[in-house]
Amino acid sequence: MKRRKNSNKQYFTRMGTRKKVHAFVRVKPTDDFAHEMIRYGDDNKSIDIHLKKDIRKGVVNNQQTDWSFKLDGVLHDASQDLVYETVAKDVVSQALDGYNGTIMCYGQTGAGKTYTMTGATENYKHRGILPRALQQVFRMIEERPTHAITVRVSYLEIYNESLFDLLSTLPYVGPSVTPMTIVENPQGVFIKGLSVHLTSQEEDAFSLLFEGETNRIIASHTMNKNSSRSHCIFTIYMEAHSRTLSDEKYVTSKINLVDLAGSERLGKSGSEGRVLKEATYINKSLSFLEQAIIALGDHKRDHIPFRQCKLTHALKDSLGGNCNMVLVTNIYGEAAQLEETLSSLRFASRMKLVTTEPAINEKYNAEVLRGL
């Protein structure tokens with residue numbers, strides 16, 4: 001058990017057992033699926049890639065043609081319902097007991113990250129992980145009348161290495177005097193200047209989600225005309241006080257729902273001008289994310305390069321650490337995208353090497369303790 005103090009409160013963290021990050025692959029449906037090149041294992045937890053040899057490299061060459069990736073699940077032709085049940089339900093459920101959670105969507109531009117995370121707003125059945133997580137949180141609160149639970153949310157966007165508050169347009173927030181900065185303290189990482197909003201019911205949370213989605217920076221390029229050009233982190237913060245037990249102890253948690261900008265080769269996307277600049281920033285930050293993941297997976301490494309970019313710095317206590325973490329890697333099923341698919345699957349397999357130590361975030365109210 002670890003114990004931390006500050007002038008107002010005492011913080012106790014009950015240490016958990018180590019567990020691997022869960023990594024799933026979701027394949028975008030297509031009529032042109034590359035059956036000869038992409039095969040799934042019978043257990044639905046592995047995916048094999050086969051490339052034909054490039055004869056331009058000569059009759060004898062050492063070009064690798066076969067790869068096999070072991071994951072926690074392959075979601076092929078999976079409904080939004082099944083994706084949520086498989087990927088997110090347990091993470092959200094445990095958050096109400098005081099465990100932090102991170103759910104991240106990674107992959108090539110247009111492969112379905114935002115559809116997986118947010119879903120199609122025009123069709124209720126096609127809603128994604130984020131709105132379903134909000135629904136589950138408020139449904140679980142109704143089922144726990146013995147606890148007083150408060151929910152707050154924030155919505156952060158990282159665009160061209162700058163931080164933006166997607167909820168700053170709300171009339172009661174007001175313009176920020178100073179630019180947002182990433183701050184670290186003994187309790188973790190937080191974004192100074194990011195507005196955090198109390199939501200007492202599901203409708204409030206959905207209004208905030210809709211406001212943030214409206215403000216996201218969207219640009220068009222050849223891979224996907226509605227491609228998100230920024231990383232977005234929607235965070236649900238919870239604090240649960242028992243109504244029946246003494247008031248000095250309570251639990252807190254946060255769920256980070258991360259929709260990463262799409263990765264792609266610059267030449268393939270036809271990017272130029274402003275969009276080229278965006279793509280350069282995106283690829284650089286995703287490369288730094290991968291470096292941090294590789295370092296986290298190497299237990300001999302003491303230093304993890306979190307501060308190389310805003311994305312990894314903002315997620316410092318949400319990558320590995322004491323949280324439940326799940327990665328959804330979105331890929332295409334077509335032969336033309338196989339190079340990027342391989343790159344995405346390598347990232348997923350590296351993420352599976354990372355271990356976390358989920359722990360309950362217990363806090364003690366010092367004022368109540370003094371009165372006992």
Side-chain angles (χ1 to χ4, degrees), residues 8-9 11 80 84 88-103 117-119 121 124 127-157 164-176 180 187-216 232-259 318 323-324 360-365 367-368:
N8 299 316
K9 297 173 183 174
Y11 296 84
Q80 294 283 66
Y84 187 78
K89 190 176 180 181
D90 287 347
V91 175
V92 176
S93 178
Q94 289 185 41
L96 224 57
D97 294 321
Y99 291 95
N100 291 340
T102 299
I103 301 169
M117 183 56 75
T118 310
T121 51
Y124 181 76
R127 67 199 187 284
I129 290 171
L130 209 166
R132 288 170 190 266
L134 288 171
Q135 287 177 309
Q136 184 182 344
V137 164
F138 284 99
R139 197 160 50 240
M140 288 169 63
I141 289 172
E142 288 178 5
E143 293 167 358
R144 294 199 187 190
T146 55
H147 286 75
I149 301 167
T150 56
V151 179
R152 293 176 172 84
V153 302
S154 65
Y155 210 168
L156 173 70
E157 179 175 56
F164 295 93
D165 183 354
L166 287 174
L167 300 177
S168 64
T169 50
L170 292 164
Y172 55 85
V173 174
S176 178
M180 288 194 295
Q187 283 74 58
V189 176
F190 72 98
I191 313 298
K192 190 176 180 180
L194 179 66
S195 63
V196 180
H197 304 260
L198 182 66
T199 56
S200 56
Q201 54 189 354
E202 193 178 304
E203 290 76 14
D204 298 340
F206 277 107
S207 294
L208 292 166
L209 173 58
F210 182 75
E211 177 80 13
E213 287 297 304
T214 304
N215 291 328
R216 284 185 72 166
C232 290
I233 304 169
F234 188 95
T235 306
I236 306 169
Y237 311 85
M238 284 175 279
E239 189 173 298
H241 294 256
S242 172
R243 297 184 196 271
T244 54
L245 302 175
S246 56
D247 285 332
E248 79 274 7
K249 185 173 81 169
Y250 60 99
V251 297
T252 64
S253 63
K254 65 178 179 180
I255 308 169
N256 281 318
L257 299 152
V258 186
D259 183 8
S318 304
C323 68
N324 290 307
I360 296 173
N361 297 294
E362 284 184 343
K363 296 188 179 181
Y364 285 76
N365 188 321
E367 290 179 12
V368 176

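Below, each value reflects all heavy atoms present in this structure, side chains not excepted, and no hydrogens, waters or symmetry copies. Keep in mind the model is a prediction, meaning the values are calculated, not measured.
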To the nearest 0.5 Å, what is the distance between [atom1] ([X]) and [atom2] ([Y])?
X: Thr252; Y: Glu239; atom1: OG1; atom2: CD; result: 7.0 Å
X: Met238; Y: Asn100; atom1: CE; atom2: CG; result: 9.0 Å
X: Tyr237; Y: Ile255; atom1: OH; atom2: CD1; result: 11.5 Å
X: Asp259; Y: Leu130; atom1: CG; atom2: CG; result: 9.0 Å
X: Tyr155; Y: Ile236; atom1: OH; atom2: CD1; result: 11.0 Å

Are Ile360 and Asp97 packed together at the side-chain level, in the sense that at least one heavy-atom pair is separated by less than 4.5 angstrom? no

Are Ile129 and Leu257 packed together at the side-chain level, in the sense that at least one heavy-atom pair is separated by less than 4.5 angstrom? yes

Mind checking side chain to side chain contact (heavy atoms under 4.5 Å, CB included) for Ser195 and listing every partner two or more places apart, or none if nothing turns up?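 Partners of Ser195 under the side chain to side chain contact (heavy atoms under 4.5 Å, CB included) test: Asp165, Leu167, Val173, His197.
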
Please evaluate residues Leu96 and His147 with respect to the criterion side chain to side chain contact (heavy atoms under 4.5 Å, CB included), reporting the C-alpha separation (whole Å), side-chain torsions for both, the decisive distance (0.1 Å), and the verdict. CA-CA 10 Å; Leu96 224 57; His147 286 75; over 6 Å; no

Between Arg216 and Glu213 (salt bridge meaning N to carboxylate O under 4.0 Å), is one present in this structure? yes

Under the side-chain hydrogen bond (donor to acceptor under 3.5 Å, both in side chains) rule, collect the residues that match up with Gln135, sequence neighbours excluded. Tyr124, Arg127

State whether the side chain of [X] and the backbone N or O of [Y] hold a donor-acceptor pair below 3.5 Å, judged by distance alone.
X: Gln136; Y: Lys89; result: yes
X: Asn215; Y: Leu166; result: yes
X: Ser318; Y: Thr102; result: no
X: Asn256; Y: Thr235; result: no

If you apply the rule side chain to side chain contact (heavy atoms under 4.5 Å, CB included), what do you find for Val196 with Phe190, and how did you get there? CA-CA 11 Å; Val196 180; Phe190 72 98; over 6 Å; no

Assess whether side chain to side chain contact (heavy atoms under 4.5 Å, CB included) is satisfied between Val92 and Tyr84, documenting all intermediate values. CA-CA 10 Å; Val92 176; Tyr84 187 78; 3.4 Å; yes

Taking only distance into account, with no hydrogens and no angle test, what donor-acceptor pairs under 3.5 Å do side-chain atoms of residues 202-210 form with protein atoms, sequence neighbours excluded?
unit_1 : atom_1 : unit_2 : atom_2 : d
Asp204 : OD2    : Ser200 : OG     : 3.2
Ser207 : OG     : Glu203 : O      : 3.1

